[in-house]
Amino acid sequence: MDKAYNPTNEDQIYKKWLDSGAFTPKVPKNPKEAKLKDNPYSIILPLPNANDPMHMGHALFTIQDILVRYHRMLGQPTLWLPGGDHAGIETQFVFEKKLQKEGKSRFDFDRKTLYKMIWDFVEENRKLNQFQMKKLGFSMDWTRYHYSLEEPIVKNVLATFKKLYKDGLVYRDEKIVNYCTHCGTAFSNLEVDHKTVNSHLWYIKYGPLTVATTRPETMLGDTAIAVNPKDKRYKDLIGKKILLPLVNREIPVISEDSIDIEFGTGAVKVTPSHSPEDYDMAKKHNLEFIRIIDFDGRANINVPEKYRGLFPNQLRQAVIDDLTAANLIEKIEDYTHEVGHCYRCGRPIEPITAPQWYVKIDALAKPTIKAAQDNQVKFFPTRFKKSFITWMENIRDWNISRQIVWGPQIPAWYCLDCNPGIKLNFLDKNKQVISAFYSELKGKYSVEEIKNGLQTLVAPVTADFIIDETDHCPKCKSASLIQETDTFDTWFLSGQWPLSTLGFNTEDPSKSSPDFDYFYPTTVMDTLWDILFFWVARMTMFGLYLTGDVPFKTVHLHSKVTDAKGQKMSKSKGNVVNPLDMTEKYGTDALRMSLVYGIAPASDFVVSEDKIRAQRNFVNKIWNASRFVEMLIDRLNPSKISLDIDKSKLTKADKDILDKLNKIIASTTKNLNNYRFGQVSEDLYQFFWKDFCDVYIESAKDRGEETIPVLLTVLTTSLKLLHPFVPFVTEEIYQYLIEKYNFKHELLVSSKWPTNEF
RNA sequence: GAGUCUAUAGCUCAGUUGGUUAGAGCGCUUCGUUGACAUCGAAGAGGUCAGAGGUUCGAGUCCUCUUAGACUCACCA
């Protein structure tokens, strides 16, 4: 053996594991019955974005590897199923940045071309991602790898959409949505970051009263003034109409209990198309909706000519200038408030009314809340149970449509002849962008030309649609059908990931794959807590809705890796530590160990090179202890080398170390069952280094061959206990010992977990 | 506005159901190691466990409050 451990054989060892089939569990012929007896163990990998190179967050999948390696050694049929996500908006955003660098934008391409370009872009990185996970030693079953845009997976997701529709849980509506005019799509509430903004409160004279507002520019779309009925100042005005400045349109004064008399002037301008609260008021009072900001972020519609085409901040200035000129600004106060920003590009979110696809969430949420309450899904650490339930209880209908290209399109078709009010944006034969209603285009452009160059369409909320694909409109028999250009929210697809990857068949559950029968529900979902709502909640809802059973029995939330300053690692901050650089420098085992050593459950932690180096030393210690055992045996040159311990001949040192070994086996087993990885790794470190090396091995230096069985027993048992954490070095040593001393040939990866029998 | 978490050695952090002199890594001091490991060993310095009060035979650990910080959720003008 070499003088120091040199992790140069990792790839070979990984290949040995792969070739042995250890990562690929076999499913018996009668999976449903066998399952009860076999107690299979399964984890679905939180699918990384296929376009995303590895970062420390991915390296934390080590936790899952520890779990599956441990349970595999316990003898359970064990599956760790990897995958890759197309990651809708994330990927499109990255790709658009790339386009931007090349001086292009998404508007230069029709959607088919754009889709193809992004597809190729992702394919380049997808392989890299898999390669990197192998480098980290993850014992995933690559024969069951899935990519979220695989045809069968998409097919199943579309089937789920159809089922939801049939069950009356899908509808279109034109509500206020969180719209990012830069990204060109709506977002769910979860995708909006609230940031504190220092702004102003403008007091604007509206005829007989004054309103206070943070968004003067939206006044062009006001359709009412709201006051509290208890407010004596405005009592007489309720029901009257007043003239809206600048646009000279009459709007009513309405009575609304929710208005705070103390705030501002107690009179609120109501802009139903650009404010969520005002939207609700408008629904209640049956007010008019006047949208002034269009989906491109400009004031294109329903505004006086002079304001046309302005962006909101320009519009604000123009409106304030004109109000000032007309002496209609009473005063301006400083004001700090929370404003929603796009979580992707960071720009302010524009609340806009837009037709979108929704899923009614109550029917899905209720069983999910119950499952959490009844511990059908358990949470580690348990405190996340409470926030999960609270969030589920306050959940709103889910906007599942995104106005992006990258992802499966919603399988709904519109008849252009029945719905001439559909607005189409497309590139014509000459690659010119045309943007008009179908009523204006009919006769000038063929449907074929429109389809070929199509970028997006916006169908009025009243438009009829067909969910099953056909050639002809069932009403008018026209063949001018066009598919909805909205794509699914990424989480709509990934929310079904455990079902899709295990081969659940939504259309006919009885045709689901044996994998599904055997491994569903999966055992553990280990993920970062920040996607608890995005993903874990959605998976649970879909699982229960489609199968009646939860997708995983336990949710284990792990910690976030930060840099030395405690900041989240991100590319934009430039503080990303590449795990592959670390494995190259110190070996994979050292990195893995440093990611779990002494970490409290679900608390953020710092990964520093110091720490990795310390664990590299530990890995080397394992190596050298083994090397010493070998050298000692060579020196003693015994007639027979065996692991059989003769209990009658044990010295005090022997008894002590065996006693400690029994204890560490028991505590390791117990703590692994309770997800206490930090504790286990520390205990093993102390046991191996202090108890075994510094004490027992030191004492063995003065002894004869009777010490060999104990030495070898403690060593090989330690290798087993350590294997889930540091798989490469332990396997390499184990193979070496087997070879040299002619022990029973087996791979450590599929060896039996020790029991405290010594 | 609602909720969650954190505060322990110079630094980064462990410390499950409350139980003997509070631990690790890194750093620091002294010494040792020419045959496992300079990626090593031995010994040591260093902490009134944020502050105050309470429960208890006993509190770093449970409860209340205070202070400082982090985060999540949220449609208030």
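Only this structure's heavy atoms are used, side chains among them; waters, hydrogens and symmetry mates stay out.
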Given B:rG25, B:rU39, B:rA36, which nucleotide is nearest the side-chain atoms of A:Tyr685?
-> B:rG25
Calculate the interatomic distance between A:Asn624 atom CG and B:rA38 atom P; express it in whole Å.
-> 7 Å
Considering only side-chain heavy atoms of A:Gln679, which listed nucleotide, B:rA74, B:rA36, B:rG15, is closest?
-> B:rG15
Is there a side-chain hydrogen bond (donor to acceptor under 3.5 Å, both in side chains) between A:Asn9 and A:Glu732 once you walk through the steps?
-> CA-CA 8 Å; A:Asn9 293 328; A:Glu732 185 164 350; 2.7 Å; yes
At under 4.0 Å between heavy atoms, what does A:Tyr279 touch on the DNA or RNA strands: base, sugar-phosphate, or nothing?
-> nothing
When all nucleic acid strands are considered with a 4.0 Å heavy-atom cut-off, which category describes A:Lys611: base, sugar-phosphate, or nothing?
-> nothing
Looking across every strand, which nucleic acid part, if any, lies under 4.0 Å from A:Ala625 by heavy atom: base, sugar-phosphate, or nothing?
-> base
Taking OP1 and OP2 of B:rC37, is either one under 4.0 Å from a side-chain nitrogen or oxygen of A:Lys3?
-> yes
Reckon A:Ala4 touches a base, only the sugar-phosphate, or nothing at all at heavy-atom distances under 4.0 Å?
-> base
Roughly how many Å is it from CH2 in A:Trp529 to P in B:rC71, rounded to a whole number?
-> 9 Å
Go through the steps to decide whether A:Glu191 and A:Trp491 satisfy the test side chain to side chain contact (heavy atoms under 4.5 Å, CB included), and finish with yes or no.
-> CA-CA 11 Å; A:Glu191 288 157 315; A:Trp491 304 103; 4.2 Å; yes
May I have the distance from A:Ile612 (atom CD1) to B:rG25 (atom P), rounded to whole angstrom?
-> 17 Å
Have a look at A:Tyr5 and say if it touches a base, only the backbone sugar-phosphate, or nothing, with a 4.0 Å heavy-atom cut-off.
-> nothing
If you look at every strand shown and take non-hydrogen atoms under 4.0 Å, does A:His194 touch a base, only sugar-phosphate, or nothing?
-> base
Would you call A:Asp654 and A:Arg703 a salt bridge, using N to O less than 4.0 angstrom?
-> yes
Whole-Å distance between B:rG23 P and A:Leu684 CG?
-> 20 Å
Using atom NZ of A:Lys690 as one end and atom C1' of B:rA42 as the other, report the distance to the nearest whole Å.
-> 10 Å
Please say whether more than 12 non-hydrogen atoms of neighbouring residues, nucleotides or ligands are located less than 6.0 Å from CD in A:Glu393.
-> yes
Within 45° of the ring axis of A:Tyr206 and under 6.0 Å from its six-membered ring centre, is that where the NZ or CZ of A:Lys269 lies?
-> no
Indicate, with a heavy-atom threshold strictly under 4.0 Å, whether A:Glu698 touches base, sugar-phosphate, or nothing.
-> base
From the candidates B:rA42, B:rA74, B:rC37, the one with an atom nearest any side-chain atom of A:Asp694 is B:rA42
Grab the N/O contacts between the protein and nucleotides 3-10 of chain B below 3.5 Å, and write none if there aren't any.
| residue | atom | partner | partner atom | Å |
| --- | --- | --- | --- | --- |
| B:rU4 | OP1 | A:Lys386 | NZ | 3.1 |

Could you tell me whether A:Phe618 contacts a base, only the sugar-phosphate backbone, or nothing, with contacts defined as non-hydrogen atoms closer than 4.0 Å?
-> nothing
Answer yes or no: does a side-chain N or O of A:Asn671 lie under 4.0 Å from OP1 or OP2 of B:rU16?
-> no
Atom CD of A:Glu262 and atom C1' of B:rC76: how far apart are they, to the nearest Å?
-> 15 Å
Mind checking A:Asn189 for me? I need base, sugar-phosphate or nothing, with any heavy atom below 4.0 Å counting as a touch.
-> sugar-phosphate
Under 3.5 Å, is there a donor-acceptor pair linking the side chains of A:Asn178 and A:Asn189?
-> yes
Can A:Lys621 be said to sit on top of A:Tyr685's aromatic six-ring, NZ or CZ under 6.0 Å from centre and within 45° of the ring axis?
-> no
Hey, does A:Trp623 reach any base, or is it just sugar-phosphate, or nothing, if we go heavy atoms under 4.0 Å?
-> nothing
Base, sugar-phosphate, or nothing for A:Ile259, non-hydrogen atoms under 4.0 angstrom?
-> base
